[in-house]
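These notes concern the structure reproduced below.
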Amino acid sequence: MSIPSFNEIIEQNDQTEARAASLDAIAALVGNVYPNKFSRTAASGVEDTITALKHFATVADVESRMAEIKASLGEGERPPADKKDALNEKLKALGTVRIAGRLTTPTRGNFVHLTDGVNKLQVYCNKKGPLALIKNDGSDSVDEENGWALWQLLDHGDLIGAEGYLFVTNTGEVSVHVEKLQFLAKAMLPMPDKMHGIADPELQRRFRYADLIASTLQIEHEGLTTREVFERRAKLVSRLRRFLDDAGFIEVETPMLTPKATGAAAKPFETHHNALDIPLYARVAPELYLKRLVVGGFEKVYELNRNFRNEGLSQRHNPEFTMLEFYIAYMDVNGMMDFAVTMIQDAVAKANNGGLTVKYGDNEIDFGKFERISMLDAIAKYAPGVEVDDNNIITAFDEHVEHHLIQPTFIVDYPKSISPLSKADPSNPNFAERFELFINGMEVANGFSELNDPKEQYERFVDQMSERERGDEEAMILDEDYIRALSYGMPPAAGIGIGIDRLVMLLTNKHSIRDVILFPHMRPEKGSGGVEE
RNA sequence: GGUCCGAUAGCUCAGUCGGUAGAGCAAGUGGCUUUUAACCACUGGGUCGCAGGUUCGAGUCCUGCUCGGAUCACCA
């Protein structure tokens with residue numbers, strides 16, 4: 001395989017050539033074009049971001065005062081000079097600020113915005129100066145003459161540092177009057193379209209970095225920006241962790257590479273360990289490891305991490321997906337449903353600005369109430385004429401019921417035959433004490449009263465193994481060590497697995513799982529050497 | 001894997017009945033310089049996804065392929 005040249009990786013065209021020329025000219029002015037640091041000092045007195053500066057009390061106050069003044073003005077009217085001057089006094093008293101960020105689209109002439117990804121702050125440079133540039137030779141020495149020359153060489157998307165004082169413009173926007181400018185890094189590639197961002201979903205996912213840049217440079221957008229989607233995702237995940245930690249759980253990490261892929265009905269990825277010369281499988285579920293820990297005395301235990309399933313890709317399926325799985329000793333399936341509702345409501349509210357209702361496509365989903373209905377009752381309700389027996393119950397459910405379950409609904413009483421790790425319902429031995437949570441027709445969670453009788457568990461595995469021999473590739477594999485663990489005695493316990501990606505889809509009004517995973521699986525790029533032709 | 005839709009300038013997109021390849025943004029040059037996405041003037045920029053076919057002539061019609069999206073099947 002030949003190593004591609006830089007110019008093959010970064011396709012050369014008029015845009016990149018112009019930027020390369022700009023970079024050469026900047027190098028002639030400042031020296032090293034990739035300096036190692038820029039000290040950001042904002043008015044709040046700490047190493048600060050633009051966002052922190054904008055939220056700093058004095059700045060925020062000036063902005064809100066100016067907003068009031070502007071609200072009282074007519075179309076095209078400018079804020080009165082005396083009021084502006086008074087606010088400028090307050091800003092000037094803050095002294096010099098040093099901010100850094102990416103250059104957004106130049107508006108006109110000397111004005112441009114710098115963004116730290118979250119917020120923007122306008123900066124202003126005056127040709128008549130004084131405008132110095134900070135040299136990048138490590139000495140922090142200043143070239144008093146060439147600030148304007150550097151300013152003119154900058155491109156949309158370049159990263160710069162700016163030092164100056166805050167002021168309010170004639171139109172009432174708080175800005176930095178730049179006195180010193182430092183070049184920090186070059187955007188060799190043109191920025192995404194300022195109005196549309198990156199429109200092609202393939203390119204959004206493939207070039208996620210550019211998609212995220214577009215989130216902060218784009219002028220208008222519908223729905224959440226990509227950045228906001230992942231901020232919301234992060235908020236949800238951190239809130240779920242917090243909730244469990246506060247409830248006395250321990251977070252653990254169990255093997256991702258396992259000698260046996262079991263604990264869920266799924267096809268695994270296979271790899272090979274060279275030193276041991278054995279096959280290893282990317283885990284399809286952490287379930288059996290976590291229950292070993294319940295045996296060991298971790299009565300409340302959770303893992304929030306990736307699982308891997310070697311199956312088809314779809315709007316709702318990525319080969320690796322994030323699952324929150326947890327177990328509570330001495331609890332049964334009903335207690336688990338109660339607990340899960342409280343936890344999900346807490347996390348949804350925190351990630352959704354306090355609200356429990358979410359717009360998803362044409363539906364409004366209300367996380368305020370979760371229904372519970374048995375699988376048989378659900379089939380009777382949505383497919384009244386359909387005769388159900390052991391063999392067709394799941395098919396009937398999938399075909400006739402699933403897509404009706406828009407509002408959060410626990411389907412309970414699953415056939416035992418398809419629930420090899422869950423306890424049977426004592427009053428109805430053909431059924432398991434198991435639920436799945438459906439929202440918008442999508443399976444979001446799966447939980448049950450955990451089977452803790454080692455002999456029965458062994459028999460269930462044996463049944464699975466014979467299913468396997470009959471050709472069901474996804475039937476579970478007997479895990480002998482798990483049987484041994486259960487034989488030490490596991491307390492009664494309830495467990496649940498929650499599909500985090502799908503929950504995030506619901507909270508962000510995204511209809512493809514690939515839009516809530518930063519780097520979803522894609523086919524290799526053509527000519528990247530990823531595939532032999 | 002089946003079906004439907006799409007691929008045109010760096011980006012977002014037009015392109016009528018088959019008849020010289022278009023716009024906005026971005027880029028370049030010059031002007032303006034307290035502006036709020038889009039200031040003014042000029043300029044450069046195309047293997048119309050790939051390969052065939054029909055035709056005097058194909059971005060446009062036909063066939064195959066590649067890649068993507070939607071949807072069905074399968075799955076969580």
Side-chain angles (χ1 to χ4, degrees), chain A residues 10-22 70 76 78-79 81 84 88 104-113 120 122-128 148 151-152 155-157 167-173 175 177 187-207 210 214 217-221 264-267 284-285 307-323 325 394-395 398-399 402 436-438 442-446 473-474 497-503 511-515 522-527 531 533:
Chain A
I10 306 304
E11 187 199 342
Q12 299 299 294
N13 55 45
D14 64 325
Q15 316 274 314
T16 54
E17 280 161 16
R19 283 165 185 270
S22 145
K70 280 163 82 175
R78 299 250 158 119
K84 200 186 85 166
N88 273 334
T104 70
T105 317
T107 49
R108 195 167 150 179
N110 318 7
F111 285 97
V112 74
H113 285 86
K120 294 173 185 175
Q122 184 166 258
V123 298
Y124 167 73
C125 289
N126 193 324
K127 186 179 187 174
K128 297 181 184 109
W148 184 254
W151 176 254
Q152 286 181 297
D155 284 314
H156 183 203
F167 74 111
V168 173
T169 64
N170 282 344
T171 53
E173 179 167 345
S175 308
H177 190 123
M188 300 286 289
L189 289 166
M191 292 297 104
D193 188 282
K194 66 179 173 182
M195 293 309 290
H196 307 89
I198 296 179
D200 183 338
E202 181 196 353
L203 300 181
Q204 287 176 357
R205 295 159 187 164
R206 232 181 246 294
F207 311 133
L217 299 186
Q218 210 175 327
I219 288 154
E220 286 172 356
H221 57 87
K267 282 176 259 179
V284 295
N307 293 325
F308 306 88
R309 299 190 184 173
N310 204 344
E311 288 157 5
L313 287 78
S314 83
Q315 231 180 348
R316 297 173 175 193
H317 299 85
N318 195 58
E320 54 181 298
F321 64 102
T322 300
M323 187 146 84
E325 200 162 312
I394 282 299
T395 321
D398 288 350
E399 273 180 19
E402 228 178 71
E436 288 194 358
L437 171 62
F438 288 86
M442 199 158 53
E443 190 198 327
V444 172
N446 178 17
E473 286 181 77
E474 295 183 356
I498 299 175
I500 298 301
D501 310 285
R502 290 180 176 180
L503 200 51
H511 296 251
S512 171
I513 198 167
R514 293 171 171 209
D515 291 331
M522 309 280 286
R523 281 190 175 79
E525 267 184 88
K526 245 187 185 170
V531 184
E533 297 286 331

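Every heavy atom of this structure was used, including side-chain atoms; hydrogens, water molecules and symmetry mates were not. Not measured: the values here are computed from a predicted model.
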Rounded to the nearest 0.5 Å, the CZ atom of R502(A) sits from the CZ atom of F321(A) at a distance of 8.0 Å
How far does the C1' atom of rU43(B) sit from the matching atom of rU3(B), given to the nearest Å?
-> 48 Å
Between rG18(B) and rG24(B) - C1' atom distance, rounded Å | 28 Å
Under 4.0 Å between any heavy atoms, over every strand shown, what does R502(A) touch: base, sugar-phosphate, or nothing? Just pick one.
-> base
Using a 4.0 Å heavy-atom cut-off across all strands, classify K194(A) as base, sugar-phosphate, or nothing.
-> sugar-phosphate
Would one find more than 12 heavy atoms of other residues, nucleotides or ligands at under 6.0 Å from atom CD of Q12(A)?
-> yes
Nearest-nucleotide check on RNA chain B, K84(A) vs L203(A); residue mapping nearer the 5' end is L203(A)
Same-atom distance (P) from rA9(B) to rA23(B), integer angstrom = 14 Å
Which listed nucleotide (rC13(B), rG10(B), rU35(B)) is nearest to the side chain of T169(A)?
-> rU35(B)
Using a heavy-atom cut-off of under 4.0 Å over every strand shown, decide if E17(A) touches base, sugar-phosphate, or nothing.
-> nothing
Output for pair (T16(A) OG1, N13(A) CG), nearest 0.5 Å, gives 4.0 Å
Please work out if A264(A) contacts a base, only the sugar-phosphate, or nothing of the nucleic acid, heavy-atom cut-off 4.0 Å.
-> nothing
Kindly write out the residues that satisfy side-chain contact (heavy atoms from CB on, under 4.5 Å) with E320(A), not counting sequence neighbours, or none if the list is empty.
-> R306(A), F308(A), N318(A)
With respect to the phosphate group of rG68(B), does any side-chain polar atom (N or O) of R205(A) fall under 4.0 Å of OP1 or OP2?
-> no
Between rC74(B) (C1') and Q315(A) (CD): distance, integer Å = 15 Å
rU47(B) to rA21(B) separation - P atoms, rounded to the nearest Å = 14 Å
Classify the nucleic acid contact of P190(A) as base, sugar-phosphate or nothing, counting any heavy atom under 4.0 Å across all strands shown.
-> sugar-phosphate
Indicate, yes or no, whether a donor-acceptor pair under 3.5 Å links the base of rU35(B) to the side chain of Q122(A).
-> yes
With a 4.0 Å cut-off on heavy atoms, is N318(A) in touch with a base, just the backbone sugar-phosphate, or nothing at all?
-> base
D155(A) or D200(A), whichever maps to the more 5' nucleotide of RNA chain B | D200(A)
With D155(A) via side-chain contact (heavy atoms from CB on, under 4.5 Å) - residues at least two apart | R19(A), S22(A), D158(A), K186(A)
Sequence neighbours excluded, which residues qualify as side-chain hydrogen bond (donor to acceptor under 3.5 Å, both in side chains) partners of E436(A)?
-> Y414(A), R434(A)
Using both pair distances under 3.5 Å as the test, note the stems of at least 3 consecutive Watson-Crick or G-U pairs that include RNA chain B.
-> B:1-7 with B:66-72, B:10-13 with B:22-25, B:27-31 with B:39-43, B:49-53 with B:61-65
Mind calculating the distance between NE2 (H177(A)) and P (rU35(B)) to the nearest angstrom?
-> 14 Å
Could you list all N or O pairs between the protein and nucleotides 40-44 of chain B that sit under 3.5 Å apart?
residue	atom	partner	partner atom	Å
rG44(B)	N2	D14(A)	OD2	2.4

Given the C1' atoms of rA7(B) and rC50(B), what is the spacing between them in whole Å?
-> 11 Å
Name the nucleic acid region contacted by E311(A), choosing base, sugar-phosphate or nothing; use a 4.0 angstrom heavy-atom cut-off, strictly under.
-> base
Among the candidates rU12(B), rG10(B), rA37(B), find the nucleotide nearest to the side-chain atoms of I219(A).
-> rA37(B)
Answer yes or no: does a side-chain N or O of R206(A) lie under 4.0 Å from OP1 or OP2 of rC67(B)?
-> no
Return the value, rounded to whole Å, for the distance between atom NE2 of H221(A) and atom C1' of rA37(B).
-> 13 Å
Side-chain contact check for N170(A): nearest option of rG68(B), rU34(B), rA37(B) is rU34(B)
What integer number of Å spans the P atoms of rG46(B) and rG22(B)?
-> 13 Å
Mind calculating the distance between CG (N310(A)) and P (rC74(B)) to the nearest angstrom?
-> 19 Å
Proximal nucleotide (of rU33(B), rG10(B), rC11(B)) relative to the D193(A) side chain = rC11(B)
Roughly, in whole Å, what's the span from OH in Y124(A) to C1' in rU33(B)?
-> 7 Å
Atom-pair distance (CG on D515(A); C1' on rA70(B)), nearest Å | 13 Å
Between CZ of R316(A) and OG of S512(A), what distance do you get to the nearest 0.5 Å?
-> 11.0 Å
Look at R205(A) together with D515(A) and state whether they make a salt bridge at an N to O cut-off of under 4.0 Å.
-> yes
Length of the line joining H156(A):NE2 and rC25(B):C1', which is rounded to integer Å = 11 Å
Considering residues at least two apart in sequence or located in another chain, which fulfil the side-chain contact (heavy atoms from CB on, under 4.5 Å) criterion with H511(A)?
-> Q315(A), Y360(A), N509(A)
Looking only at side-chain atoms of S512(A), point me to the closest of rA70(B), rG68(B), rU33(B).
-> rA70(B)
Nearest-angstrom distance, C1' atom, rU8(B) to rA70(B) | 22 Å
What residues, two or more places apart in sequence or in another chain, satisfy side-chain contact (heavy atoms from CB on, under 4.5 Å) together with L203(A)?
-> I198(A), D200(A), F207(A)
Partner set under ring-ring contact (aromatic ring centres under 6.0 Å, His included) for F167(A), not counting sequence neighbours | Y124(A), H177(A)
Pairing residues for H156(A) by the ring-ring contact (aromatic ring centres under 6.0 Å, His included) criterion, not counting sequence neighbours = none
Taking only the side-chain heavy atoms of A199(A) (C-beta and beyond), determine which of rU35(B), rU12(B), rG68(B) contains the nearest atom.
-> rU12(B)
Could you work out the separation of rG59(B) and rG52(B) based on their P atoms and round it to a whole Å?
-> 14 Å
I198(A) CD1 to rC25(B) C1': how many Å, rounded?
-> 15 Å
